[in-house]
Amino acid sequence: MNGRGLITATMRELERVKVIEAVIEGRLRCFQAAERLDLCERQISRLCRRYEADGPAGLVSGKRGKPSNRELPIDLRARAMALVRERYADFGPTLATEVLLEKHSLRVGRETLRRWMVAEGLWLSRKQRRTFHQPRLRREHYGELIQIDGSEHRWFEDRGAPCTLLVFIDDATSKIMQLRFVSNESRDSHFEVLRGYLDVHRCPVAFYSDKHSVFRINKPEAKGGQGMTQFGRALAELNIEILCANSSQAKGRVERANRTLQDRLVKELRVDGISDLDAGNNFLPGFVERFNERFAVRAAKPENLHRQMNVAPSRLSDILCHREQRYVSAQLSFHYDRKQIILERSEVSENLGGQYVELYDFADRPLEVRWKGLLLPYRVFSKDQRVSHTAIVENKRLGHALAVVKAQQDLRNPPKVMTNSEKTGYQKRRSIVNAPLLVISDALKP
């Protein structure tokens, strides 16, 4: 009590009372109390005087129950939260802090505003904003759903350039169906791996991929292609469905396989000293066999849903390529890939002006122009090709595009900077005035 009414004290303050009482009663020396309370002897003397004057209450902090010296004005929180609630409800704490200071001259700390917004339900922490994806059961049949993905990584570490590993994995068994190193994830590289898949396993029911532009047209206003990509067109001709996932978690089977491969495969390549694409692709079949023995599981049902191809193997090359239609002008020419293609005149081509021809752009052989199955001879007038600086390059092919740009720049001769004399054609002439002086000077030499 001691004139201050009922007081509360912490356990630390109660311990301090006991020690100070012992010092006053002579049971404890001042330096011993200082060591026990981790204070200096002068502070112990002050505490003794306060205890003698006010009793145990003198050892309790005088700031208890009083507002902090740094406490913000009472109405600041109300004004700030009213503004945030009315105008900036979708702002994050950092941006809201900047706007309140700039627009309304209200200076509030970022973390203070964050606490206020959390307390009033206007902001959720990163942990609270996490979304949980419902786990999806495996498909029941082998060959029913094949997940595909490209994983760009430094597979050869510092021994080689970064590249992409194309992974085809069965959803029912987690069995790797196809694995191949490519320089970048493109249409042609997927065609190449798909052909290897069809040769070994035949046609699955469906492929499951992300929304990469190889598999899906991401621009609704895109013209041509009948609403599908070249890869989608090829799968449609083979009677294979293509499904695109809305999130990476939806195709978690192949994503988790990629993480495992980025650990195990990288280390096995290091052990074998492999540092390039060709050697890596020769190494992969043995690795896939060992991987499937270790990680593949049994399908829920024994049926294999792979089907025979609905086209002759000889037509597979015509399907797994880039195909487009082009309008032929009256001069029997059309443009494709920054080239002007001129059809050679023949009985067939003479009547093709105003009609459409079909282009077959193969990865491993020259472009073919066909009309109703007939191969048309042509010649090419190529423009000066270079990569446009304003072209939009998708992220997964950025490295390849930069490599092409650098190769084109290396082929060009560096521009020669001409001096003013070279521009005006000036030629240095020997001065006639100084010539006699040179003769006299030579004559005066000993």
Side-chain angles (χ1 to χ4, degrees), residues 182-199 203 212-219 221-240 242 309-388 391-394 397 400-401 404-405 407-408 411:
V182 294
S183 57
N184 61 86
E185 187 175 1
S186 63
R187 176 199 64 226
D188 292 336
S189 62
H190 274 284
F191 277 152
E192 180 185 1
V193 180
L194 176 59
R195 177 154 198 162
Y197 183 99
L198 297 174
D199 291 341
C203 295
H212 191 278
S213 58
V214 171
F215 313 112
R216 179 178 183 268
I217 294 179
N218 295 311
K219 294 182 178 180
E221 67 276 8
K223 297 180 180 179
Q226 292 77 45
M228 64 175 64
T229 64
Q230 291 291 325
F231 191 80
R233 185 265 313 155
L235 293 183
E237 293 187 27
L238 295 169
N239 195 24
I240 301 173
I242 178 72
M309 286 190 296
N310 58 349
V311 297
S314 58
R315 286 199 58 238
L316 198 56
S317 295
D318 292 345
I319 295 174
L320 302 181
C321 68
H322 183 89
R323 282 173 26 195
E324 285 191 25
Q325 288 187 337
R326 281 291 188 270
Y327 179 82
V328 181
S329 68
Q331 290 76 29
L332 301 183
S333 66
F334 54 89
H335 291 83
Y336 174 72
D337 193 24
R338 290 185 56 81
K339 301 182 182 70
Q340 184 180 16
I341 299 177
I342 305 171
L343 298 178
E344 298 289 354
R345 294 192 174 272
S346 64
E347 294 182 1
V348 177
S349 63
E350 285 289 346
N351 301 320
L352 291 182
Q355 300 192 43
Y356 285 89
V357 294
E358 212 169 26
L359 276 66
Y360 289 73
D361 193 353
F362 302 96
D364 55 351
R365 66 177 196 257
L367 176 76
E368 293 184 3
V369 182
R370 301 181 188 178
W371 181 75
K372 294 184 177 180
L374 297 176
L375 194 62
L376 303 176
Y378 63 89
R379 63 182 187 274
V380 177
F381 177 77
S382 179
K383 300 179 181 180
D384 179 25
Q385 295 192 25
R386 67 178 285 176
V387 176
S388 171
I392 298 176
V393 181
E394 55 187 297
R397 298 191 62 189
H400 177 67
V404 173
V405 171
Q408 292 176 347
L411 290 175

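Each residue takes its place number in the sequence, starting with 1. Keep in mind that the numbers below use all heavy atoms, side chains included, and drop hydrogens, waters and symmetry copies.
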Just by distance, do the side chain of Arg187 and the backbone of Ser213 share a donor-acceptor pair under 3.5 Å?
no
For the student: nearest non-hydrogen atoms of Leu332 and Gly353, plus distance
CD2-N, 3.9 Å
What is the distance from atom CZ of Arg216 to atom CD1 of Ile242, rounded to the nearest 0.5 Å?
11.5 Å
Just say parallel, tilted or perpendicular for the rings of Phe362 and Tyr360, cut-offs at 30° and 60°.
parallel
Could you tell me whether the side chain of Arg323 and the main chain of Glu358 form a donor-acceptor pair under 3.5 Å?
no
List the steps and the verdict of side chain to side chain contact (heavy atoms under 4.5 Å, CB included) for Ile342 and Ser333.
CA-CA 4 Å; Ile342 305 171; Ser333 66; 4.0 Å; yes
Without hydrogens or angle criteria, can the side chains of Arg195 and Ser317 be said to hold a donor-acceptor pair below 3.5 Å?
yes
Residues Ile319, Leu198; criterion side chain to side chain contact (heavy atoms under 4.5 Å, CB included); working and verdict
CA-CA 12 Å; Ile319 295 174; Leu198 297 174; over 6 Å; no
If every non-hydrogen atom of Val214 is compared with every non-hydrogen atom of Phe231, which pair is closest and at what distance?
O-CB, 3.3 Å
Side chains of Val328 and Val369: does their closest heavy-atom pair fall under 4.5 Å?
no
Considering residues, nucleotides and ligands other than Arg370, do more than 12 of their heavy atoms fall under 6.0 Å from its CZ?
yes
To the nearest 0.5 Å, atom CZ of Phe334 lies from atom OH of Tyr327 at 13.0 Å
Give a yes or no answer on whether the side chain of Asn310 reaches the backbone of Glu237 with a donor-acceptor pair at less than 3.5 Å.
yes
Please name the pair of heavy atoms, one in Cys321 and one in Gln230, separated by the smallest distance, quoted to 0.1 Å.
O-OE1, 3.6 Å
Would you find more than 12 non-hydrogen atoms of other residues, nucleotides or ligands less than 6.0 Å from Tyr336 atom OH?
yes
Rounded to the nearest 0.5 Å, what's the gap from CG on Leu235 to OG1 on Thr229? Could you check?
8.0 Å
Working to the nearest 0.5 Å, report the span between CZ of Arg315 and CG of Leu238.
9.0 Å
Under the side chain to side chain contact (heavy atoms under 4.5 Å, CB included) rule, what do His322 and Phe191 come out as? Steps first, then yes or no, please.
CA-CA 10 Å; His322 183 89; Phe191 277 152; 5.6 Å; no
Working for side chain to side chain contact (heavy atoms under 4.5 Å, CB included), residues Leu376 and Leu352
CA-CA 11 Å; Leu376 303 176; Leu352 291 182; 3.4 Å; yes
Taking atom CG of Leu320 and atom CZ of Arg233, what is their separation to the nearest 0.5 Å?
8.0 Å
Distance, nearest 0.5 Å, that separates CG of Leu367 from CG of Asp337
8.5 Å
For Asn184 and Ser189, which heavy atoms make the closest approach, and how far apart are they?
O-OG, 3.2 Å
